[in-house]
Amino acid sequence: MSVQERTYIMVKPDGVQRGLVGNIISRFEQRGFKLIALKLVHATPEHLEKHYADLKGKPFFPGLIKYMASGPVVAMVWQGLDAVKTGRVMLGATNPLASAPGTIRGDFALAVGRNICHGSDAVESAEKEIALWFPEGIVQYTNDNEKWVFE
Ligand code: GDP
Ligand code: MG
């Protein structure tokens, strides 16, 4: 766990279409995380198959790729204390029916196949996903808020 920990967060095509981008960004900002990368991208099926390589073979895999390629996504990297685990808690359970109210999925979604957001599940997968979605690299900058968020 580190103050420099980074996680890959993505608003999926349904989250973009439903106008939830600002709300999702606000939650990470308000929590005290630092935005270090952001872009809107309409990903190809090939790119998404790499992102979801671990799920290849699952019965829902073809539908998942089609869903994720159906429109642009918002790709982001957020940095801060325990960012990966805390990001997952903020997203809620994979199946929105099991997501607690107050989480992103628990507030905005009902169906596992339309759960509006993605978050890395481990530090290693976060680093892999950041490299996949931001091959151009990440801009570093100082945020003066940090001294008010961390000891
Ligand atoms: P996540 O890390 O919480 O996003 O969950 P997973 O890595 O297990 O699955 C990736 C994504 O695949 C999920 O966010 C869902 O959009 C989708 N998915 C997972 N399980 C199912 C399922 O049983 N049915 C359908 N239709 N989609 C699923
Ligand atoms: Mg996952």
Side-chain angles (χ1 to χ4, degrees), residues 1-139 149:
M1 199 203 300
S2 120
V3 168
Q4 306 294 329
E5 191 170 298
R6 310 189 301 173
T7 190
Y8 176 68
I9 300 291
M10 169 165 59
V11 184
K12 295 180 176 182
D14 49 338
V16 174
Q17 293 290 332
R18 291 178 56 197
L20 298 172
V21 172
N23 184 292
I24 292 169
I25 289 176
S26 283
R27 289 171 184 238
F28 283 87
E29 275 188 332
Q30 289 171 351
R31 189 69 189 263
F33 288 111
K34 178 183 177 184
L35 180 65
I36 57 169
L38 170 78
K39 65 182 173 190
L40 182 84
V41 42
H42 197 152
T44 63
E46 294 70 32
H47 184 85
L48 292 159
E49 280 172 21
K50 281 186 203 152
H51 174 78
Y52 280 127
D54 292 352
L55 297 173
K56 209 170 176 137
K58 298 271 187 196
F60 59 83
F61 187 78
L64 173 63
I65 299 302
K66 207 169 158 201
Y67 155 50
M68 292 298 299
S70 66
V73 300
V74 172
M76 298 179 275
V77 182
W78 289 91
Q79 182 176 291
L81 191 64
D82 213 9
V84 169
K85 201 174 89 211
T86 308
R88 294 282 293 189
V89 172
M90 290 168 68
L91 257 54
T94 301
N95 186 341
L97 290 181
S99 303
T103 65
I104 294 164
R105 289 165 175 166
D107 285 348
F108 299 129
L110 287 168
V112 69
R114 293 292 182 273
N115 61 0
I116 69 168
C117 53
H118 165 86
S120 309
D121 62 7
V123 172
E124 306 77 68
S125 32
E127 289 305 319
K128 247 196 260 175
E129 291 168 3
I130 292 166
L132 177 66
W133 289 90
F134 292 96
E136 65 272 31
I138 303 268
V139 178
V149 175

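Only a predicted model underlies this, so the values are computations on that prediction, with no experimental measurement involved. Atoms within a ligand are numbered from 1 in the order they appear, just like the ligands themselves.
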Requested in this report: Would you give the length of the straight line joining atom CD of E5 to atom CG of L81, rounded to the nearest 0.5 angstrom?
Outcome: 8.0 Å
Report summary line: For atom 15 (C) of ligand 1, the closest protein heavy atom turns out to be V112 O, 3.2 Å
Requested in this report: Write down the atom of A126, the atom of S120, and the distance for their closest heavy-atom approach.
Outcome: CA-OG, 3.4 Å
Report task. Would you name the heavy atoms of V149 and G32 that are closest together and state the gap between them? Result -> CG1-O, 4.0 Å
Query - Heavy atoms from other residues, nucleotides or ligands near NZ of K39 exceed 12 (cutoff 6.0 Å) - result: yes
Report task. Pull out every atom of ligand 1 sitting under 4.0 Å from any heavy atom of Y52, numbered as shown with elements. Result -> 10 (C)
Query raised in the report: Using a heavy-atom cut-off of under 4.0 Å, does the side chain or the backbone of L55 touch ligand 1, or both, or neither?
Result: side chain
Query raised in the report: Salt-bridged, D107 to R27, with N to O below 4.0 Å?
Result: yes
Requested in this report: Could you tell me whether the side chain of M10 reaches within less than 4.5 Å of the side chain of E129, counting heavy atoms only?
Outcome: no
Report task. Look at atom 4 (O) of ligand 1 and say which protein heavy atom is nearest, naming residue and atom and giving the distance to 0.1 Å. Result -> R105 NH2, 3.3 Å
Report summary line: Checking heavy atoms under 4.0 Å, the part of K12 that sits near ligand 1 is side chain
Report task. Provide, to 0.1 Å, the distance between atom 3 (O) of ligand 1 and the closest protein heavy atom, together with that atom's residue and name. Result -> T94 OG1, 2.5 Å
Query - side chain to side chain contact (heavy atoms under 4.5 Å, CB included) partner of I9, chosen from L91, L35, V77 - result: L91
Query raised in the report: How does R88 reach ligand 1, by side chain, by backbone, by both or by neither, if only non-hydrogen atoms under 4.0 Å count?
Result: side chain
Report task. Go through ligand 1 atom by atom and flag the ones less than 4.0 Å from a non-hydrogen atom of N115. Result -> 13 (C), 14 (O), 15 (C), 16 (O)
Requested in this report: List the closest protein heavy-atom neighbour of atom 22 (C) of ligand 1: residue, atom name, distance to the nearest 0.1 Å.
Outcome: F60 CD2, 3.4 Å
